[in-house]
Amino acid sequence: MEREWNYYIQFHLHLLLIVCYSFVPVESLNEEGAFLLEFKKSFVDPSNNLQRCNSLDSTPCNWSGIGCADNVRVSSINLKAFNLSGNLSSCVCKLPYLTELNVSTNFISGHIPSDLGHCHNLEVLDLCTNRFHGELPTQLFEMAFLRKLSLCENFVYGEIPEEIGNLTLLEELVIYSNNLTGMIPSSLSPIPAEISKCGRLEVLGLAQNRLEGSFPIELQRLRNLTDLVLLQNLLSCEIPPEIGNFSSLEVPALHDNTFIGSIPKEIEKLTQLKRLYLYTNQLNGTTPRELGSCLSTIQIDLSENQLSGFVPKELCKIPNLQLLQLFENLLQGRSLLVEFSELHNLSALELYQNRFSGPIPPELGQLGI
């Protein structure tokens, strides 16, 4: 009887050990992963680029396009060129530590969700090259920490809201190739009367829209502005002398508008100037000799205007000039400048359809053009 009792005890102890070892703890997907699975549902993913989003994982930190801080908290989502369509869900704003959202170069459509304004810690938002349409929701401009906002190459229309000036930390604003109309908001410049300012802005890209009005001189107080890209709009009137006050400006891309009048001599104050694009406007007068003081310039394109007079010799003193386009103007002179041969870095020189006369200097043959 005692032996049977020992066997009985050993059998049940063995069975208990088996049962205990069978219950291995399994971690479930954390809350941020659940939010991302909800976010994923709004997309159509024909290329299965999001197939690694697995509910059996404990965290989403190894999923495609997901970046985590300290390998725990989701801080970035980069789904650029994932061949996604469908809509953009604002449930992504449930991620409390999200600082970057990039869904550019896809086929996402619909309106830009107004609730994206609830992504309070977002610093970078890139929705470029999709099929978003509708007006810009003013709630976007409630993201106080936003540094880069890129909405280019979509079908957004309407005016740029004044509330965009609320983004005081904004460094890059890129909204080219849409159907925006109206004037450039004065709130983009730190004018004292405005509610708030964008004083850190470095890149302003509003090209290929239907913006109208005069040159926005209010922007001169944006001391960090390096790139002012306003090409292919409906801007008109004269380029004012205040352009010389844009102290950090490297690239004024003002081409393909309807600016009139002469090129202001104050352009010589742009000591950081790298590329000057004023082509395809209705500019007249002479080419300012003061432009020769911009010694850092590498490209000048003043073509397809109504400039007259002689080409100033001072342009030939810009040591690193690589491109000079002056074609289709009313420029004159009995011979082309021999001084052009001093521009050893010049790789493109186009002067056709002007009123030059006389022989072409053989010294130009020394250039690598």
Side-chain angles (χ1 to χ4, degrees), residues 32-53 60 63-67 74 76-95 98-143 146-161 163-164 167 170 172-182 185 203-211 229 231-233:
E32 292 194 343
F35 292 151
L36 284 171
L37 288 180
E38 182 183 355
F39 178 61
K40 173 188 172 184
K41 290 179 181 177
S42 65
F43 295 130
V44 178
D45 180 23
S47 302
N48 292 320
N49 286 315
L50 301 179
Q51 64 180 351
R52 290 185 61 185
C53 299
W63 294 358
S64 298
I66 304 301
V74 175
S76 66
I77 300 175
N78 189 341
L79 306 181
K80 180 177 180 180
F82 268 38
N83 194 31
L84 302 174
S85 58
N87 302 115
L88 182 64
S89 172
S90 60
C91 71
V92 72
C93 295
K94 295 179 182 179
L95 298 168
L98 186 68
T99 59
E100 179 177 349
L101 176 59
N102 185 342
V103 294
S104 63
T105 320
N106 283 291
F107 302 93
I108 304 169
S109 57
H111 290 77
I112 298 173
S114 58
D115 288 345
L116 277 183
H118 295 157
C119 293
H120 297 300
N121 290 316
L122 209 59
E123 298 178 8
V124 178
L125 176 60
D126 192 342
L127 308 182
C128 278
T129 319
N130 278 287
R131 297 177 178 178
F132 291 109
H133 61 270
E135 297 186 349
L136 289 174
T138 57
Q139 293 86 345
L140 279 186
F141 312 123
E142 296 174 1
M143 294 183 281
L146 205 61
R147 295 184 294 104
K148 298 181 180 181
L149 176 59
S150 300
L151 306 173
C152 56
E153 296 183 337
N154 281 287
F155 301 97
V156 177
Y157 56 80
E159 297 188 0
I160 303 173
E163 288 84 354
I164 202 167
L167 304 178
L170 198 64
E172 293 186 16
L173 174 61
V174 182
I175 322 182
Y176 65 81
S177 294
N178 279 285
N179 294 307
L180 297 171
T181 56
V203 177
L204 178 57
L206 301 176
Q208 297 173 323
N209 284 288
R210 291 183 291 164
L211 300 172
V229 186
L231 64 97
Q232 291 185 19
N233 277 289

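Quick caveat, the model's predicted, so the values are computed rather than measured.
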Handout entry: Any side-chain heavy-atom pair of Ile77 and Ile66 under 4.5 Å
Key = yes
Practice task
Quick one: do Asn78 and Ser76 satisfy side-chain hydrogen bond (donor to acceptor under 3.5 Å, both in side chains)? Show the steps, please.
Solution key: CA-CA 6 Å; Asn78 189 341; Ser76 66; over 6 Å; no
Handout entry: pair Leu173-Leu167: side-chain heavy atoms closer than 4.5 Å
Key = no
Exercise for the section: Provide the closest heavy-atom pair for Gln208 versus Tyr176 in the form atom of the first, atom of the second, distance. Expected result: OE1-CD1, 3.7 Å
Exercise for the section: Go through Trp63 and Val74 one step at a time and tell me if the side chain to side chain contact (heavy atoms under 4.5 Å, CB included) criterion holds. Expected result: CA-CA 11 Å; Trp63 294 358; Val74 175; over 6 Å; no
Exercise for the section: Apply the side-chain contact (heavy atoms from CB on, under 4.5 Å) test between Cys93 and each candidate in Leu116, Leu101, Asp115; give the one that qualifies. Expected result: Leu116
Practice task
Please round to the nearest 0.5 Å and tell me the distance separating atom CG of Asn130 and atom OG of Ser104.
Solution key: 7.5 Å
Problem - OG1-CG distance between Thr105 and Leu79, expressed to the nearest 0.5 angstrom - result: 11.5 Å
Fill in the blank from the handout: Between the CG atom in Leu127 and the OG atom in Ser150, the distance rounded to the nearest 0.5 Å is 8.5 Å
Exercise for the section: State, to 0.1 Å, how close Arg131 and Phe107 come at their nearest heavy-atom pair, and which atoms those are. Expected result: NH2-CD2, 3.5 Å
Practice task
Only counting residues at least two apart or in another chain, list the ones meeting ring-ring contact (aromatic ring centres under 6.0 Å, His included) with His120.
Solution key: none
Exercise for the section: List the atom of Val124, the atom of Arg147, and the distance in Å for their closest heavy-atom pair. Expected result: CG2-NH2, 3.8 Å
Exercise for the section: Compare all side-chain heavy atoms of Glu135 with those of Tyr157 and state whether any distance is below 4.5 angstrom. Expected result: yes
Fill in the blank from the handout: CG of Asp126 to SG of Cys152, rounded to nearest 0.5 Å, is 6.5 Å
Completion exercise
Asn178 and Asn209 have their tightest heavy-atom pair at C-OD1, 3.0 Å
Practice task
Mind checking ring-ring contact (aromatic ring centres under 6.0 Å, His included) for Phe39 and listing every partner two or more places apart, or none if nothing turns up?
Solution key: Phe43
Handout entry: Asn106 side-chain N/O to Asn83 backbone N/O, donor-acceptor pair under 3.5 Å
Key = yes
Exercise for the section: Dump the intermediate steps for side chain to side chain contact (heavy atoms under 4.5 Å, CB included) on Phe132 and Leu88, then the final yes or no. Expected result: CA-CA 9 Å; Phe132 291 109; Leu88 182 64; 4.0 Å; yes
Exercise for the section: Flag the pair Cys128 / Glu153 as yes when at least one side-chain heavy-atom distance between them is below 4.5 Å, and no otherwise. Expected result: no
Exercise for the section: Taking the side chain as every heavy atom from C-beta outward, state whether Leu50 and Phe82 have any pair of such atoms under 4.5 Å apart. Expected result: yes
Handout entry: Sub-4.5 Å side-chain heavy-atom contact between Asn121 and Leu98
Key = no
Problem - Closest non-hydrogen atom pair between Leu36 and Leu95, with its separation - result: CD2-CD1, 3.8 Å
Problem - Gap separating the CD atom of Glu142 from the CD atom of Glu163, nearest 0.5 angstrom - result: 9.0 Å
Practice task
Indicate yes or no: at least one non-hydrogen side-chain atom of Val103 is less than 4.5 angstrom from one of Leu84.
Solution key: no
Fill in the blank from the handout: Here the pair of heavy atoms bringing Leu180 nearest to Leu136 is CD2-CD1, 4.4 Å
Practice task
For the residue pair Asn154 and His133, establish whether any side-chain heavy-atom pair is separated by less than 4.5 Å.
Solution key: no
Practice task
Only counting residues at least two apart or in another chain, list the ones meeting side-chain hydrogen bond (donor to acceptor under 3.5 Å, both in side chains) with Ser90.
Solution key: none
Handout entry: Nearest-0.5 Å distance that lies between atom OG1 in Thr138 and atom CD1 in Ile164
Key = 11.5 Å
